[in-house]
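Inspection log for the structure reproduced underneath, given as structure tokens.
Below, chain A is the first sequence line, B the second, and so on; all start at residue 1. Any value given below was found using the heavy atoms of this structure, including those in side chains, with hydrogens, waters and symmetry copies removed.
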Amino acid sequence: MDLSVLNDMQKRAVLHTEGPLLIIAGAGSGKTRVLTHRVAYLIEECGVKPWNIMAITFTNKAAQEMKERIDHLVSDGADSVWVATFHSSCVRILRRFGDRIGYSSNFTIYDTEDSKQVIKDICRLQNIDTKIFKEKMIMAAISKAKDTLTGPEEYLEENMGKFGVDRIAGVYTEYQKRLKKSNALDFDDLIFKTVELLEKDPEVLKYYRDLFRYIMVDEYQDTNMAQFKLVSLLAGEGGNVCVVGDDDQSIYKFRGANIENILGFEENFKGAEVIKLEQNYRSTQNILDAANSVIKNNSGRKDKRLWTDNGTGETIDFRRFDQSFDEAYFVAKDISDRVSAGESYSDMAVLYRTNAQSRGFEERFVSLNIPYRLFGGVNFYSRKEVKDLLAYLKTIDNGDDDLSVKRIINVPKRGIGATTISKIEMHAASRGITFFEALEKADEVGIGRARDKILSFTSFIYSLRAQAQDISIKDLLDKVISGTGYVAELEEEDSDEAKARIENIEELISKVADYEMNTSEPTLSGFLEEVSLVADIDSFDENADYVAMMTIHSAKGLEFKNVYLVGMDDGLFPSYMCITADDPDELEEERRLCYVGITRAKKHLTMTSAECRMIRGELQYNAVSRFIKEIPKTVFGEQRIPESAIGKTERRASDTEKKIKAKEVFKAKPFEAKQFAVKGDVTLDYGVGDRVSHIKFGTGTVLEITSGGRDYEVKVDFDDVGVKKMFAGFAKLKKV
DNA sequence: CCTACTACGCTTTTT
DNA sequence: GCGTAGTAGG
């Protein structure tokens with residue numbers, strides 16, 4: 001096997017196959033290369049069976065990338081390597097053995113919004129004043145407990161005497177009871193319950209320990225205690241566990257990530273080898289100098305210093321503007337200029353601290369005709385219309401899922417109101433049956449007018465459930481849409497909003513079609529699971545011709561030739577919250593975030609700041625971020641505000657003028673923006689009669705192309721599998 | 001039982 | 001400033 005592409009440290013990491021190994025991998029130091037080569041080396045040179053290797057990542061995108069790269073390196077069996085995220089690994093384990101701890105294999109996964117709904121409901125029933133005990137705060141407490149593998153009883157014991165613990169513990173207990181009854185698990189449960197299963201069932205533990213002889217964990221600095229426990233259980237004493245991480249890139253402490261996992265690895269896994277990767281292959285020395293000089297202000301980190309032989313490179317731009325308006329204009333103009341000079345949109349990214357900052361840039365990009373795509377923000381699958389339709393599918397898949405049934409019982413409106421629903425709820429609670437079962441017994445409950453409506457709802461679900469086995473998921477969804485009249489109702493409304501919702505539904509349909517096309521054994525549970533565990537950033541495509549816009553959090557693991565790190569204002573980044581907090585750790589986490597942001601840049605980094613900007617409808621005046629001041633002047637170029645960026649007048653605008661101007665900027669809604677960005681995506685380089693190839697179906701001839709709104713539906717006659725219809729945007733057909 | 005209005009809440013969020 | 005969720009009135 002060819003290891004000559006690796007440097008000495010990388011080689012050492014690849015060759016160290018037995019026993020625990022910690023790889024401290026600085027940003028851009030080629031950790032994915034090390035991991036993939038290590039997998040390949042195990043298979044090709046050490047005779048390890050591919051199915052005995054497990055690689056865990058945090059995002060689907062990282063898992064996908066790793067799979068592809070392993071596939072390129074090994075001759076055979078790459079498919080059998082278990083490469084998956086923490087959560088989907090746990091789902092796979094629980095689908096198979098979850099019955100041993102009381103979950104049937106078609107369990108539903110609750111997202112944050114679902115959980116909140118359940119918590120809200122419980123608070124109502126337990127007469128908890130949600131003004132004092134906010135749902136969010138209760139959820140955070142429960143989530144934190146689960147991250148540390150603390151069940152409701154232990155939670156109560158451990159926090160005895162603290163304010164409101166009895167009440168939170170009460171909600172926690174009831175919450176778990178409900179989830180169990182609904183055959184549902186939340187994100188935290190997926191890990192927690194898997195650990196529970198492995199601890200309680202030696203047979204299952206042995207099974208997986210024998211299976212996963214070599215375990216690799218990516219982004220180890222972001223693991224929480226439950227995930228640590230999971231890895232420890234699977235690895236066993238002196239197991240072959242290799243973790244890769246960078247303590248300087250730990251930015252998810254607020255979500256329970258425990259930096260101690262990486263700092264204390266050598267104590268937890270005795271005899272661990274530690275290898276540091278400090279050579280950076282991504283950025284210029286100037287960019288690394290900036291990153292190093294910021295991060296060195298943190299205490300309690302593993303000592304390391306990134307270096308590169310890429311050369312000094314261009315200087316870093318820093319610009320301070322009067323207003324966020326000017327900042328956005330400058331970035332848009334700069335991108336335009338660079339593209340005119342021959343650079344590509346796909347090489348640009350605008351990174352910011354908070355999602356709300358994207359607006360101003362969207363506005364400018366639209367007016368200058370710059371294609372862009374937003375990542376993060378409101379998740380596609382959390383849109384109301386999408387959630388409604390998914391709730392139908394969930395109800396069909398798992399009738400015990402009370403939450404989904406309640407969500408759709410009167411959506412679209414079918415005359416089943418709050419009084420009826422609460423009667424059903426009470427009946428269900430008193431009999432200890434599920435909400436859906438109580439619906440079937442409408443006669444027992446003594447419902448008057450709504451009786452027939454309820455029974456027609458249940459029989460609708462029954463009929464779909466009966467068909468679910470025989471028809472495709474796409475057809476099932478079509479039947480839900482036609483049977484409920486969901487889209488028809490929106491069509492009647494005939495507003496822009498309704499149109500946008502219909503478009504989202506169409507997109508959902510293509511996602512179902514895409515799933516069925518690219519999965520070997522598509523199932524309804526499988527689809528719903530994929531949907532629950534997918535993140536917006538997973539669809540990031542580095543070659544697509546648009547400017548990527550996202551939070552710095554989302555950008556972790558990505559790289560761009562040109563990075564615009566915007567909003568470098570004290571109070572925004574670092575955030576006001578962490579400046580005022582007494583906990584210095586929070587500022588350190590923010591500094592790590594800045595380090596992550598800077599190190600995303602390969603060639604050119606631009607940082608911008610504005611003296612005043614509109615935040616939550618209020619004008620705020622901020623100083624330049626303290627992080628900028630930590631960077632030595634030598635890496636910066638000339639720092640000035642170009643005339644073009646502030647329009648014709650260079651005099652300072654008065655406060656009133658600023659307010660008016662800012663208002664105008666925020667008034668405009670960039671509504672068409674997304675559509676225009678998607679359009680750029682779906683241009684076909686083939687036509688009817690052309691020969692094309694598909695990842696799964698092989699090669700074939702294009703029979704027909706029909707334009708279905710934003711995407712094209714392509715009919716292809718494949719040589720091996722016959723005629724198939726698919727959406728061009730998802731099928732990724734290539735002309736041959 | 002449904003619609004219209006008001007009030008609140010808003011860092012980051014791989015899953 | 002904006003979107004959603006909860007409540008009051010029809």
Side-chain angles (χ1 to χ4, degrees), chain A residues 56-63 84-91 109-113 116-117 120 124 130-131 134-136 140 143 147 185-191 218-219 221-224 226-227 249-257 351-357 359 375-379 381-384 410 412-421 449-450 453 497 529-538 540 550-558 567 571-581 586 589-590 592-593 596-597 614-619 662-663 665-667 669:
Chain A
I56 316 178
T57 62
F58 272 84
T59 65
N60 296 301
K61 186 179 159 34
T85 64
F86 266 105
H87 290 84
S88 57
S89 296
C90 288
V91 170
I109 301 165
Y110 277 5
D111 65 21
T112 320
E113 205 188 310
K116 194 177 178 188
Q117 216 56 246
K120 222 175 234 175
R124 192 170 47 87
T130 50
K131 285 215 170 72
K134 300 227 164 65
E135 289 100 337
K136 265 205 149 176
S143 177
D147 283 350
L185 295 148
D186 65 20
F187 290 142
D188 300 318
D189 278 341
L190 292 175
I191 317 281
D218 193 14
E219 305 281 12
Q221 76 281 355
D222 290 330
T223 50
N224 62 29
Q227 288 160 338
Q249 291 188 67
S250 161
I251 54 173
Y252 284 102
K253 190 175 163 232
F254 73 96
R255 282 251 321 105
L351 309 182
Y352 34 76
R353 176 71 243 268
T354 68
N355 278 309
Q357 285 167 260
R359 280 180 155 258
F375 292 90
V378 184
N379 187 287
Y381 293 104
S382 57
R383 309 238 160 97
K384 190 180 166 295
N410 199 30
K413 301 270 179 308
R414 43 171 79 85
I416 303 169
T419 352
T420 313
I421 291 171
R449 270 178 302 166
K453 292 165 187 162
E497 195 200 315
E529 164 193 326
E530 193 170 289
V531 157
S532 314
L533 299 180
V534 78
D536 200 13
I537 199 70
D538 293 336
F540 174 75
M550 63 188 87
T551 61
I552 306 167
H553 281 93
S554 300
K556 198 179 71 171
L558 304 178
L572 187 61
F573 189 27
S575 79
Y576 178 74
M577 294 286 261
C578 89
I579 294 173
T580 49
E586 284 194 33
E589 173 134 329
E590 209 84 350
R592 290 192 290 269
L593 191 58
V596 169
M614 195 69 119
I615 294 169
R616 288 202 284 269
E618 251 179 302
L619 263 193
K663 253 187 192 156
V665 175
F666 280 90
K667 221 167 29 189
K669 253 199 207 165

Does A/Thr57 offer a backbone N or O that forms a donor-acceptor pair with the side chain of A/Asp218 under 3.5 Å?
-> no

Once you round it to whole Å, what is the distance between P of B/dT11 and CD1 of A/Ile579?
-> 14 Å

If only side-chain N and O atoms of A/Asn410 are considered, is one of them under 4.0 Å from the OP1 or OP2 phosphate oxygen of B/dC2?
-> yes

Respond yes when some side-chain nitrogen or oxygen of A/Asn379 is under 4.0 Å from OP1 or OP2 of B/dT13, and no when none is.
-> no

Closest to the A/Met577 side chain: B/dT11, C/dA5, B/dT14?
-> B/dT11

Any A/Arg359 side-chain nitrogen or oxygen under 4.0 Å from OP1 or OP2 of C/dG1 | no

Separation of atom NZ in A/Lys253 from atom P in B/dT13, rounded to whole Å | 18 Å

Rounded to whole Å, the CD1-C1' distance (A/Ile615 to B/dT11) equals 11 Å

Comparing nearest nucleotides in DNA chain B, the 5'-proximal residue of the pair A/Glu590, A/Asp538 is A/Glu590

Is there a donor-acceptor pair under 3.5 Å between the side chain of A/Glu589 and the backbone N or O of A/Glu586?
-> no

Figure out the CZ/P separation between A/Phe58 and B/dT13, and round it to whole Å.
-> 16 Å

What nucleic acid atoms does A/Lys61 come within less than 4.0 Å of, heavy atoms only: base, sugar-phosphate, or nothing?
-> nothing

Quick one: label A/Lys413 by what it contacts on the DNA or RNA (base, sugar-phosphate, nothing), any heavy atom closer than 4.0 Å.
-> sugar-phosphate

Tell me what A/Thr419 touches on the nucleic acid: a base, only sugar-phosphate, or nothing, going by heavy atoms under 4.0 Å.
-> sugar-phosphate

Taking only the side-chain heavy atoms of A/Asp222 (C-beta and beyond), determine which of B/dC10, B/dT14, B/dT11 contains the nearest atom.
-> B/dT14

Nearest-Å distance for atom pair CD1/P, residues A/Ile251 and B/dT12 | 13 Å

Looking only at N and O atoms, is any donor in the side chain of A/Arg353 or the base of B/dT11 less than 3.5 Å from an acceptor on the other one?
-> no

Separation of A/Lys384 atom NZ from C/dA5 atom C1', in whole Å?
-> 12 Å

C/dG6 phosphate, OP1 or OP2, under 4.0 Å from A/Lys120 side-chain N/O | yes

Are any non-hydrogen side-chain atoms of A/Leu190 and A/Leu533 less than 4.5 angstrom apart?
-> yes

To the nearest 0.5 Å, what is the distance between CG (A/Asp222) and CD1 (A/Ile251)?
-> 6.5 Å

Sub-3.5 Å donor-acceptor pair from the side chain of A/Ser575 to the main-chain atoms of A/Leu572, do we have one?
-> no

Specify the separation, in whole Å, of atom NE2 of A/His553 and atom C1' of B/dT14.
-> 10 Å

Scan A/Phe86 against the nucleic acid and name what it touches under 4.0 Å (heavy atoms): base, sugar-phosphate only, or nothing.
-> nothing

Salt-bridge test for A/Lys116 and A/Glu113: reply yes if a basic N is under 4.0 Å from a carboxylate O, no otherwise.
-> no

Would you kindly give the CZ-to-P distance between A/Arg616 and B/dA7, to the nearest whole Å?
-> 20 Å

Closest of B/dC1, B/dT14, B/dT11 to the A/Thr420 side chain is B/dC1

Do we count A/Phe254 as stacking onto B/dT11 if the rule is ring centres under 5.5 Å and planes under 30°?
-> no

So, does A/Asn410 use its side chain to make a donor-acceptor pair with the main chain of A/Gly417 at under 3.5 Å?
-> no

Between A/Ser575 and B/dT12, is there a side-chain N or O to OP1/OP2 distance below 4.0 Å?
-> no

With sugar-phosphate meaning primed atoms plus P, OP1 and OP2, does A/Asp111 contact a base, only sugar-phosphate, or nothing at under 4.0 Å between heavy atoms?
-> nothing

Look at all strands and tell whether A/Thr354 reaches a base, only sugar-phosphate, or nothing, counting heavy atoms closer than 4.0 Å.
-> sugar-phosphate

Does a nitrogen or oxygen in the side chain of A/Thr551 sit under 4.0 Å from OP1 or OP2 of B/dT11?
-> no

Base orientation of B/dT12, syn vs anti, 90° cut from 0 | anti

Start at the 5' end of DNA chain B and walk down; is the nucleotide closest to A/Gly415 or to A/Ser88 reached first?
-> A/Gly415

